[in-house]
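We're numbering straight along the sequence, starting at 1. These numbers were taken from a predicted model, which means no experiment stands behind them. Each ligand, and each atom within it, is numbered from 1 in the order the structure gives.
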Amino acid sequence: MEHRTIKNLLLLAGFIGMIVFSSCYNDNYATLYPTGACDTTNVTFTASVMPVISANCTGCHSGSAPAGNLSLTNYNDVVASLNSGRLMGSIRHDPGYSAMPKGGNKLSNCDIAKITNWINQGFPDN
Ligand code: HEC
């Protein structure tokens, strides 16, 4: 009986955690970061996404023999990687994915949020 209650409490805590976490990501980002610190509203591929990829990824993922045989030098490359289902797991360091940038620091929450918002908007080529 005691055991069950603790289990249920843990489950509940997990749920609340999930809700809080996902709402941070989707809605309340602006409240976590003061105005101007991280603009995730006006994200475009050219101004928001590609600069992050160029600064952190194309050093390895470009050229005639890109790392992992994965090129990330333009819109089509990035969308192909997105569609393969490997891109965001790697960037977020999710379990089961190869953490990227390999051997480097994880992208900032702001950069990850920008890319996530761009994807949520249907990853327009703009
Ligand atoms: C220092 C070189 C290096 C950098 C920088 C780098 N990568 Fe990689 N990446 C690799 C190598 C090597 C592989 C293939 C081996 C592996 O998966 O670890 C790879 C694999 C991947 C994969 C496939 C992973 C999987 O789990 O299937 C993705 C997606 C990826 N990289 C995206 C990125 C992104 C996005 C960035 C920038 C944020 C980045 N990489 C930066 C070297 C790099």
Side-chain angles (χ1 to χ4, degrees):
M1 186 62 193
E2 288 260 302
H3 226 76
R4 266 226 179 127
T5 314
I6 292 172
K7 252 188 168 173
N8 284 341
L9 274 177
L10 282 176
L11 261 177
L12 186 68
F15 260 112
I16 292 171
M18 269 168 61
I19 290 163
V20 169
F21 185 73
S22 58
S23 63
C24 282
Y25 254 76
N26 296 327
D27 311 318
N28 299 335
Y29 208 85
T31 55
L32 287 175
Y33 288 82
T35 317
C38 180
D39 184 2
T40 60
T41 51
N42 299 311
V43 289
T44 65
F45 179 75
T46 311
S48 318
V49 177
M50 200 57 216
V52 174
I53 305 278
S54 295
N56 299 283
C57 317
T58 49
C60 296
H61 294 287
S62 66
S64 54
N69 204 23
L70 173 68
S71 188
L72 291 174
T73 55
N74 55 41
Y75 176 82
N76 286 343
D77 285 352
V78 174
V79 169
S81 176
L82 185 61
N83 286 334
S84 81
R86 306 304 296 174
L87 184 72
M88 288 315 287
S90 296
I91 288 176
R92 287 191 305 241
H93 295 190
D94 288 346
Y97 296 87
S98 211
M100 294 292 147
K102 201 174 191 67
N105 290 330
K106 192 179 178 185
L107 298 183
S108 69
N109 287 340
C110 181
D111 284 345
I112 296 174
K114 281 180 187 170
I115 298 174
T116 304
N117 269 26
W118 171 70
I119 293 167
N120 288 344
Q121 287 166 24
F123 43 95
D125 183 4
N126 57 4

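Listed by atom number, the atoms of ligand 1 under 4.0 Å from Ala67 heavy atoms are 10 (C), 11 (C), 12 (C), 42 (C). Here is the list of ligand 1 atoms found below 4.0 Å of a heavy atom in Leu70: 21 (C), 22 (C), 28 (C), 29 (C), 30 (C), 31 (N), 32 (C). Each of the following atoms of ligand 1 lies closer than 4.0 Å to a heavy atom of Ile91: 35 (C). The Cys60 neighbourhood of ligand 1 comprises atoms 1 (C), 2 (C), 3 (C), 4 (C), 5 (C), 42 (C), 43 (C), with distances under 4.0 Å to a heavy atom of that residue.
Between Thr73 and Met50 the shortest heavy-atom distance is O-CE, 3.4 Å. Nearest heavy-atom pair across Phe123 and Tyr75 is O-OH, 2.7 Å. In plain terms, the two heavy atoms of Arg86 and Gly96 that are nearest each other are NH2-O, 3.1 Å.
Expressed to the nearest 10°, the angle at atom 8 (Fe) of ligand 1 joining NE2 in His61 with SD in Met100 is 170°.
An N or O contact shorter than 3.5 Å is missing between Ser81 and ligand 1 by distance. The shortest N/O to N/O separation between Asn56 and ligand 1 does not fall below 3.5 Å. The shortest N or O to N or O distance between Arg86 and ligand 1 is under 3.5 Å.
Between the choices Pro101, Gly85, Gly89, the shortest heavy-atom distance to atom 41 (C) of ligand 1 belongs to Pro101.
Counting heavy atoms under 4.0 Å from ligand 1, residue Val52 does not touch it at all. The proximity of Ser98 to ligand 1, defined as any non-hydrogen pair under 4.0 Å, involves the side chain as well as the backbone.
Counting protein heavy atoms only, atom 36 (C) of ligand 1 is closest to Cys57 SG, 2.7 Å. Among protein heavy atoms, the minimum distance from atom 15 (C) of ligand 1 is reached at Lys102 NZ, 4.2 Å. Summary of contacts: the protein heavy atom closest to atom 14 (C) of ligand 1 is Gly68 CA, 3.5 Å.
There is no path of hydrophobic side-chain contacts, each under 4.5 Å, that joins Met100 to Met88.
Counting only distance, with no hydrogens or angles, the side chain of Asn126 and the backbone of Thr46 share no donor-acceptor pair below 3.5 Å. For the pair Asp111 (side chain) and Val52 (backbone), a donor-acceptor distance under 3.5 Å is absent. For His61 (side chain) and Pro66 (main-chain N/O), no donor-acceptor pair under 3.5 Å exists by modelled atom type. The backbone N or O of Asp77 sits nowhere less than 3.5 Å from a side-chain atom of Ser81 that would complete a donor-acceptor pair.
Assignment of Ser90 to the shell around ligand 1 is supported, since a heavy atom sits closer than 4.0 Å.
Under the ring-ring contact (aromatic ring centres under 6.0 Å, His included) criterion, Tyr97 pairs with no residue, sequence neighbours left out.
No more than 12 heavy atoms of other residues, nucleotides or ligands shown are found within 6.0 angstrom of CG on Asn69.
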